[in-house]
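Take a look at the structure set out below.
Residue numbers start at 1 and run along the sequence shown. Keep in mind that the numbers below use all heavy atoms, side chains included, and drop hydrogens, waters and symmetry copies. The shown structure was predicted, so the numbers you read here are calculated from the model rather than taken from an experiment.
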Amino acid sequence: MKNELIENTTRDTLRIKTLISTSAELTYTHPKSGLSYADEALVISQETNWKKGEALALRQKGNLYYVQADNLRALDHFQKALRLSVDLGDDELSSTLNSNIGHIHADLKEYDKALERYNAFLTFAEESNNIPNQIRGLSNIAIVYNDLENYEEGLPYLEKALKLAEQEDNDFFQAAIINNLALGYKGLKEYQKSLEYYHEAKGIAESIGNKYILTSALNSIGKVNILLGDYDAAEKAGKEALSLSQETGTIEWQADSWEVLSKVYEHQKNSVDALDAYKKHISYRDSVLNEEKKAELARKEMQFEMEKQQTAAAQEIEHQQLVKNGYLTGAILLAILGIAGYFFYKRRRDEIEKKKISDFKAKVAETELKALRSQMNPHFIFNSLNSISDLITKNDTENANEYLIKFSKLTRSILENSEKKWISVQEDQELMELYMQIESLRLKNKLSYTFQVDDDIVVEDTLIPPLILQPFIENSIWHGLAKKPEGGHINITMKKGDGLIHCVVEDNGVGRSKTLPIQDGKSSMGVKITRNRLEIINTLEETKGKIDLLDIEGGFRVEMMIPFELQF
């Protein structure tokens with residue numbers, strides 16, 4: 001391909017096709033290098049006014065950004081390409097672009113929308129007897145079922161796709177499908193069968209030089225070997241995957257590799273390396289889950305849908321103008337009907353757009369709430385990590401191990417609840433008690449606490465936002481009780497009243513005047529985040545929750561009112 005580009009320098013459709021093909025070959029091996037070829041194809045297409053070439057170049061750029069986990073730019077290019085393909089009436093190209101946008105929906109966990117686009121793509125592929133696209137459609141549907149942990153429903157799609165890939169003798173498709181088959185059997189806890197499939201996918205990926213599938217398979221081999229207790233094999237796979245992911249600059253795979261290695265080092269009782277690997281896993285994982293990007297993606301999709309409606313309205317007006325010019329006899333009648341129809345259409349369209357904007361604002365508020373919750377986790381996780389590092393530095397192995405065990409349990413619980421808007425009072429109480437046990441270890445058991453919940457509150461069924469009280473407990477410990485040589489006590493109570501839960505965090509620490517985060521009338525970052533969380537919850541739930549900070553004799557008191565929610 002590159003030789004053809006050197007020999008043929010004419011800026012025509014042939015060069016555009018060659019540039020796009022060259023870029024496509026680099027998609028999964030050197031995606032950054034592929035961008036220059038796609039950019040040149042786009043420029044020449046625009047210079048020669050070849051709209052099909054422009055759409056194809058935009059789609060290829062979207063593919064390159066998607067492989068690099070830059071979903072924002074990927075969606076932007078897919079949408080531009082889709083608009084061009086619709087204008088051209090190219091149903092096949094539109095179908096493939098809908099599939100590409102389906103990938104973005106799947107990444108956003110909007111699985112219903114993803115399945116809708118994938119099924120439409122598969123139907124068109126079957127009608128046009130396009131075997132490669134049938135393979136893609138079947139595989140994409142299966143991946144969604146895997147993400148939903150509905151492995152039994154996803155496996156038949158993968159098996160059908162694998163048969164088609166074998167008929168086509170397509171190694172790339174086979175490697176990708178086998179990799180997903182392995183994931184399905186892992187979900188069904190058939191670990192040995194899963195491992196065999198992963199090794200088969202690894203072998204094919206190595207033979208075709210596909211670093212993307214190879215890295216994924218190696219990380220998965222490491223995870224399955226951990227489940228099977230073969231930590232040596234897991235360490236080898238994890239290190240190979242890390243080297244490849246660093247080479248390609250893929251953040252998602254680096255996060256997975258560090259997770260594998262942290263578990264291996266933990267099993268080897270190598271606390272320092274385990275902690276370092278886990279910190280890196282958390283850092284890379286948080287980069288992948290950046291909630292602000294998700295909000296921007298949702299906004300882009302809304303913008304595209306609204307622009308599509310506006311284009312349809314403009315085309316309708318133009319059509320009515322042509323009819324008016326062509327048929328003078330019915331001009332007045334057609335004009336009246338056209339105007340009436342337009343205003344009816346416009347009013348209806350405006351109502352739909354208002355509803356979509358309202359829904360979108362709610363979605364943004366929900367996304368902001370998730371982003372605030374995601375900020376809470378690293379806020380005190382890294383405080384705990386620093387305490388563990390301090391114990392290790394002091395060679396206090398016994399307390400460091402006890403601290404690490406409790407911290408691991410707390411972190412696992414936090415990760416399990418990170419996507420939840422609400423959790424039960426019982427779950428949150430267990431989290432807070434575990435957190436205070438960890439802090440008590442740090443303070444050499446000079447911290448005591450009580451947790452009292454009224455009988456009116458059924459702790460298993462009553463829901464509260466996760467970790468909503470944690471910043472105030474943290475402030476009490478770090479800025480109230482830690483300053484007292486003899487330590488102190490924290491009392492946490494919950495009562496029900498007026499459709500709200502009244503929560504109180506009270507300590508017998510040094511008080512507000514001596515507490516650094518509040519002495520200038522400013523709250524700590526954790527308190528600010530909690531106030532913002534409560535404001536968003538008030539907006540979404542139409543409630544009147546609030547937070548009051550009160551001085552009391554010999555300590556400090558926080559009163560919070562949050563919405564009363566039931567699980568059932």
Side-chain angles (χ1 to χ4, degrees), residues 1-2 4-5 15-46 50-85 90 92-108 114 117 121 132-133 135-136 139-140 143 170-173 175-176 179 205 208-216 244-255 284 287-288 290 293-294 296-297 300-301 304:
M1 288 289 186
K2 292 182 181 179
E4 291 180 29
L5 291 173
R15 183 170 181 82
I16 293 169
K17 291 177 182 178
T18 307
L19 285 164
I20 293 172
S21 298
T22 304
S23 176
E25 288 181 354
L26 297 170
T27 300
Y28 296 100
T29 53
H30 298 89
K32 291 181 180 178
S33 301
L35 279 170
S36 61
Y37 296 102
D39 283 332
E40 186 182 346
L42 181 59
V43 170
I44 298 174
S45 297
Q46 291 169 340
W50 188 34
K51 295 299 182 182
K52 176 70 175 286
E54 187 177 346
L56 291 172
L58 285 166
R59 182 182 67 176
Q60 176 55 22
K61 287 191 70 175
N63 288 333
L64 293 167
Y65 285 125
Y66 182 76
V67 168
Q68 296 176 76
D70 191 345
N71 286 352
L72 180 62
R73 289 185 180 178
L75 180 61
D76 184 51
H77 286 78
F78 288 149
Q79 287 177 340
K80 288 177 181 177
L82 182 58
R83 281 195 288 271
L84 284 171
S85 68
D90 192 328
E92 183 175 358
L93 182 55
S94 297
S95 173
T96 61
L97 286 162
N98 274 312
S99 177
N100 293 136
I101 295 173
H103 300 333
I104 306 292
H105 283 305
D107 288 348
L108 288 170
R117 289 186 184 266
F121 174 72
N133 281 350
I135 295 170
R136 294 186 183 97
S139 300
N140 290 333
I143 290 169
N170 189 310
D171 290 334
F172 169 75
F173 281 154
N179 202 44
I208 62 176
N210 190 304
K211 295 180 181 179
Y212 186 80
I213 296 176
L214 179 57
T215 308
S216 173
L244 280 170
S245 60
Q246 289 173 336
E247 181 183 336
T248 58
T250 312
I251 294 174
E252 181 180 358
W253 300 134
Q254 290 183 59
Y284 285 115
S287 297
V288 176
N290 190 312
K293 280 192 175 183
K294 291 187 178 181
E296 182 65 11
L297 289 172
K300 284 277 186 179
E301 186 174 14
F304 170 68

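Residues satisfying the side-chain contact (heavy atoms from CB on, under 4.5 Å) test with K51, not counting sequence neighbours, are N49, E54, L84, L88. Evaluation of the side chain to side chain donor-acceptor pair (under 3.5 Å) rule for Q60 yields S23, T27 as partners, not counting sequence neighbours. Taking S45 as the reference, nothing meets the side chain to side chain donor-acceptor pair (under 3.5 Å) condition, with sequence neighbours excluded. D39 meets the salt bridge (charged side-chain N to carboxylate O under 4.0 Å, His left out) test with K61; sequence neighbours excluded. The salt bridge (charged side-chain N to carboxylate O under 4.0 Å, His left out) test applied to K52 returns D90, not counting sequence neighbours. Every side chain to side chain donor-acceptor pair (under 3.5 Å) that T248 has, sequence neighbours left out, goes to T250. Residues passing the side-chain contact (heavy atoms from CB on, under 4.5 Å) test with T215 are N219, A241, L244, S245, W253, sequence neighbours excluded. Legend: residues meeting side-chain contact (heavy atoms from CB on, under 4.5 Å) with N100, ordered by chain and number and at least two apart, are R59, N63, F78, L97, H103. Among residues two or more places apart in sequence or in another chain, the side-chain contact (heavy atoms from CB on, under 4.5 Å) test is passed with S33 by L26, H30. In terms of the side chain to side chain donor-acceptor pair (under 3.5 Å) criterion, residue partners of N98 (sequence neighbours excluded) are, by chain and number, R117. Partners of R15 by salt bridge (charged side-chain N to carboxylate O under 4.0 Å, His left out), not counting sequence neighbours, listed by chain and number: E40.
Pairing each heavy atom of L93 with each of T96, the nearest pair is O-OG1, 2.7 Å. Scanning both residues, I213 and A176, for their nearest heavy atoms gives CD1-N, 3.8 Å. G53 and I20 get closest at one heavy-atom pair: O-CD1, 4.1 Å. Minimum heavy-atom separation, L64 to A38: CD1-CB, 4.3 Å. Between A74 and G62, the shortest heavy-atom distance links the atoms CB-O, 3.5 Å. Heavy-atom minimum distance, A81 versus A55: CB-O, 3.5 Å.
With rounding to the nearest 0.5 Å, the separation of CG in L56 from CG in L19 is 12.0 Å. Rounding to the nearest 0.5 Å places CZ of R73 at 8.5 Å from CG of L35. Rounding to the nearest 0.5 Å places CZ of F172 at 11.0 Å from CD1 of I135.
Contact check for L214 versus N210: no side-chain heavy atoms found under the 4.5 Å cut-off. Here the side chains of Y66 and I104 are in contact, with some heavy-atom distance below 4.5 Å. Counting heavy atoms from C-beta on, the side chains of H77 and L42 never come closer than 4.5 Å. In this structure, the side chains of P132 and N170 stay at 4.5 Å or more apart for every pair of heavy atoms. Between D76 and Y65, the closest side-chain pair of non-hydrogen atoms is not below 4.5 Å.
Judged by distance alone, with hydrogens and angles left aside, the side-chain atoms of S85 form a donor-acceptor pair with the main-chain N or O of L82 at under 3.5 Å.
Counted within 6.0 Å of OH on Y28, heavy atoms from surrounding residues, nucleotides or ligands total 12 or fewer; the atom is thus considered open.
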